Amino acid sequence: MTETYNSSPFSFDELVHIFHYLPPESLAKCSQVCRDWCQAAQVGSLWKRHCLQRWNFCHLGKLKPGERTWKRYFVARDKIETGVATGRPGLDYVCKTLRGHNSQVTDVVFLTTNGIYDEEIVDNNAYPIIASCSQDKSVCVWNVREGKSLWRKWSHEASVTSLEVIAHNSIFASGDVEGRIKLWEVSSGVPTALQGSHADVITTMQCGNNVIGKDQGDCSSRLLMVGFRDGCVKMWDTRITANPQLELMGQFGLSYLKLQADHLLATGSRFESTTKMFDIRYLVPDSWKGPELRSLRHPSDATVSCLCWVPTKQNHLIAGYNNGDIVLWNGNNGQLVHCFKGHAGDVSCVCSLESTAVSAGHDHTVRLWDLNSLENVQIHKDHIGPVTGLYVDAYRAISCSRDYSIRTYCWTRTGSSSSRSLDSKYTLLGGSLQRAGNGFEKVVCDYSACVGMANDVLKAYSFQM
């Protein structure tokens, strides 16, 4: 029989110092040796060091001295990310089909935060919540892990086209083809109509902090920007349901709104070659400057198909076009920095992470671009149909396609190089979908779940915590 000793020849401080040199796997094993080693191996600073070395960003600001949350955080996050990397059906994730809409689902958003989880989520195993809308005029809220509808409402009188989160876990907005907008309470499903809307199709919505007016310092003041098909953009303080406070004109056929730093707004249209930049702080009546800053026109008059800001390059914007071009623009002077070529046909989506851009197109490919060297780093050809959706965060990238597949990639670094590459992992499997319709049109993710939007259903993949 093996005897377990509860004493050690080393002092507590000496053990902690020694354990400082151990990797997480060895540190976990040391906690099983004896009581003294277990106590030393639980010290928060040891696990905090491993968390920050591995991820650089950890939302654990509410920790109290003596708590062991850093270890729980590491173990829980490592388990999910290992599952995301291996993707074994039934072991790493479970799949649910969310049925309830009677016609095409047009949009889906996460209502819970999609940031890397904090200590409350790790402790409480919180359940991700999403909202979806459809051409059947309905808005629905779902518990992703259980695959159940929390509520479904038919408050709109026309097809619902767009959703936007106002405050996570609390309020979101929906817009329809007749220009009507409603604010929804997540918990109760009670709608409130915004007044003074616009008699045209709502194509896109974006929300940010209010940077204009007297209450711009009030964190509860949120500005909802709504884009209409005729190019009009109207803006509401979401605490006030009366008429919109501000409006501006973008392009006819307005398709995209992208906000940076809560005041720089980029607008684009899939029917025009020009992207416009606005500073919404200059919309107030007493401003001596006009809100429009730049018009960024493609040199060959290709039309805009997607937009994203580059967070690591001040006021730089990436635009994808229907001819396959991806253009990096300098919004400070309106100059074209570089035109990336490689896609054939529409660039359906583009995302930026640090000095890297990821794009997807109707040519069935996902491509990686280095924004410093201005080179094409990788080409992935895992899909056999047009790639229609893309999600990118600091750990992974997820793509979806009209071939009814969702592909998972994980970031890797080569040696000491700071450049990134994507390691193609697996296709998420979840049973057959009815082969009518166009396949997956959008994919959204949070820290532990992935949801694909296809025809009149949603496919939800929940990774084990």
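All of these numbers come straight from a predicted model, not from anything done at the bench.
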Keeping Ser401 on the side-chain end and Ile406 on the backbone end, is there a donor-acceptor pair under 3.5 Å?
no

For a side-chain contact (heavy atoms from CB on, under 4.5 Å) check, start with the C-alpha distance between Lys96 and Ser462, then their side-chain angles and the critical distance, and finish with the verdict.
CA-CA 8 Å; Lys96 302 282 187 181; Ser462 299; 5.8 Å; no

Parallel, tilted or perpendicular: rings of Phe172 and Trp184 (30°, 60°)
parallel

Spell out, as yes or no, whether a donor-acceptor pair under 3.5 Å connects the side chain of Ser103 to the backbone of Asp136.
yes

Distance (rounded to the nearest 0.5 Å) between Tyr426 OH and Asp382 CG:
12.5 Å

Kindly give the heavy-atom pair with the smallest separation between Val310 and Glu354, and that separation in Å.
CG1-O, 4.2 Å

Is the backbone of Lys153 close enough, under 3.5 Å, to the side chain of Ser138 for a donor and an acceptor to pair up by distance?
no

Of all heavy-atom pairs linking Thr267 and Leu307, the shortest is C-CD1, 4.0 Å

Test item: Ser31 side-chain N/O and Ala28 main-chain N/O as donor-acceptor pair under 3.5 Å:
yes

Does a side-chain heavy-atom distance below 4.5 Å link Val211 with Ile280?
yes

When rounded to the nearest 0.5 angstrom, what is the spacing between SG in Cys38 and CG in Leu15?
11.5 Å

Thr412 side chain vs Asp423 backbone, donor-acceptor pair below 3.5 Å:
no

Ser26 side-chain N/O to Leu22 backbone N/O, donor-acceptor pair under 3.5 Å:
no

Are any of the side-chain nitrogens in Arg77 or Glu81 under 4.0 Å away from the carboxylate oxygens of its partner?
yes

Stepwise, does the side-chain hydrogen bond (donor to acceptor under 3.5 Å, both in side chains) test hold for Asn322 with Ser305?
CA-CA 6 Å; Asn322 69 335; Ser305 56; over 6 Å; no

Lys425 vs Tyr409, side-chain contact (heavy atoms from CB on, under 4.5 Å): CA-CA, chis, key distance, verdict:
CA-CA 5 Å; Lys425 292 294 186 179; Tyr409 308 83; 5.8 Å; no

Are Trp151 and Val139 close enough that some pair of their side-chain heavy atoms sits under 4.5 Å apart?
yes

Any side-chain to backbone donor/acceptor pair from Asp403 onto Ile384? Under 3.5 Å, distance only.
yes

Verify whether one side chain among Arg367 and Thr365 offers a donor that lies under 3.5 Å from an acceptor in the other.
yes

Do Tyr127 side-chain atoms and Val144 backbone N/O form a donor-acceptor pair below 3.5 Å?
no

Is it true that the side chains of Lys459 and Thr97 contain a donor and an acceptor less than 3.5 Å apart?
yes

List the residues meeting side-chain contact (heavy atoms from CB on, under 4.5 Å) with His20, not counting sequence neighbours, and say none if there are none.
Leu46, Arg49

With no hydrogens and no angle check, just 3.5 Å: does a side-chain donor-acceptor pair link Thr312 and Ser355?
no

Are any of the side-chain heavy atoms of Leu98 and Ile130 separated by less than 4.5 Å?
yes

Considering only heavy atoms from C-beta outward, does the side chain of Leu317 approach that of Leu296 to under 4.5 Å?
yes

With a 4.5 Å heavy-atom cut-off, do Leu27 and His50 have their side chains touching?
yes

Run the side-chain contact (heavy atoms from CB on, under 4.5 Å) test on Arg270 and Val304 for me, step by step, so that the C-alpha distance in whole Å, both residues' side-chain angles and the decisive distance to 0.1 Å come before the verdict.
CA-CA 5 Å; Arg270 61 172 58 99; Val304 181; over 6 Å; no

Would Arg407 and Thr427 count as a side-chain hydrogen bond (donor to acceptor under 3.5 Å, both in side chains) here? Give the steps.
CA-CA 5 Å; Arg407 190 71 183 177; Thr427 297; 2.9 Å; yes

Are Ser348 and Asp346 packed together at the side-chain level, in the sense that at least one heavy-atom pair is separated by less than 4.5 angstrom?
no

Any non-hydrogen side-chain atom of Val387 less than 4.5 Å from a side-chain atom of Asp363?
no

Donor + acceptor pair across side chains of Ser11, Asp13 (<3.5 Å):
no

Does the ring centre of His17 sit less than 6.0 Å away from the ring centre of Phe19?
no

Ser448 and side chain to side chain donor-acceptor pair (under 3.5 Å): which single residue from Gln464, Lys79, Arg145 fits?
Arg145

When you check the side-chain N and O atoms of Trp411 and Ser421, is any donor under 3.5 Å from an acceptor?
no

Check: Asn209 side chain, Leu223 main-chain N or O, donor-acceptor pair, under 3.5 Å:
no

If I compare all heavy atoms of His380 with all of Ser424, which pair ends up nearest, and what's the gap?
ND1-CB, 3.9 Å

Closest non-hydrogen atoms of Cys133 and Thr161, given as atom of the first, atom of the second and distance, are SG-C, 4.2 Å

State the CG-CD distance between Leu224 and Gln206, to the nearest 0.5 angstrom.
9.5 Å

Between Thr112 and Asn169, is a side-chain hydrogen bond (donor to acceptor under 3.5 Å, both in side chains) present by the stated rule, with each step listed?
CA-CA 5 Å; Thr112 45; Asn169 303 302; 5.1 Å; no

Output for pair (Leu264 CG, Trp309 CH2), nearest 0.5 Å, gives 5.0 Å

Check this for me: does any side-chain nitrogen of one of Lys341 and Asp325 sit under 4.0 Å from a carboxylate oxygen of the other?
yes

Atom NZ of Lys442: over 12 foreign heavy atoms under 6.0 Å:
yes

Taking all atoms of both residues into account, what is the closest heavy-atom pair of Met453 and Asp107, and its distance?
SD-N, 3.5 Å

Spacing of Asn376 atom CG and Phe340 atom CZ [to the nearest 0.5 Å]:
9.0 Å

Between OG1 on residue Thr106 and CG on residue Asp456, distance to nearest 0.5 Å:
12.0 Å

Looking at side-chain heavy atoms only, is the closest gap between Arg402 and Tyr404 below 4.5 Å?
no

Please list, chain by chain and in numerical order, all residues satisfying ring-ring contact (aromatic ring centres under 6.0 Å, His included) with Trp47, sequence neighbours excluded.
Phe74

Any residue meeting side-chain contact (heavy atoms from CB on, under 4.5 Å) with Cys140, in chain and number order, not counting sequence neighbours:
His101, Ser132, Trp142, Ser149, Arg152

From CA spacing to verdict: side-chain contact (heavy atoms from CB on, under 4.5 Å), Leu328, His316:
CA-CA 7 Å; Leu328 176 63; His316 279 58; 4.2 Å; yes

Does CD1 belonging to Ile18 count more than 12 external heavy atoms closer than 6.0 Å?
yes

Does Glu164 reach the main-chain N or O of Cys207 with its side chain, forming a donor-acceptor pair under 3.5 Å?
yes

For Val84 against Thr408, the heavy-atom pair lying closest together
O-CG2, 3.8 Å

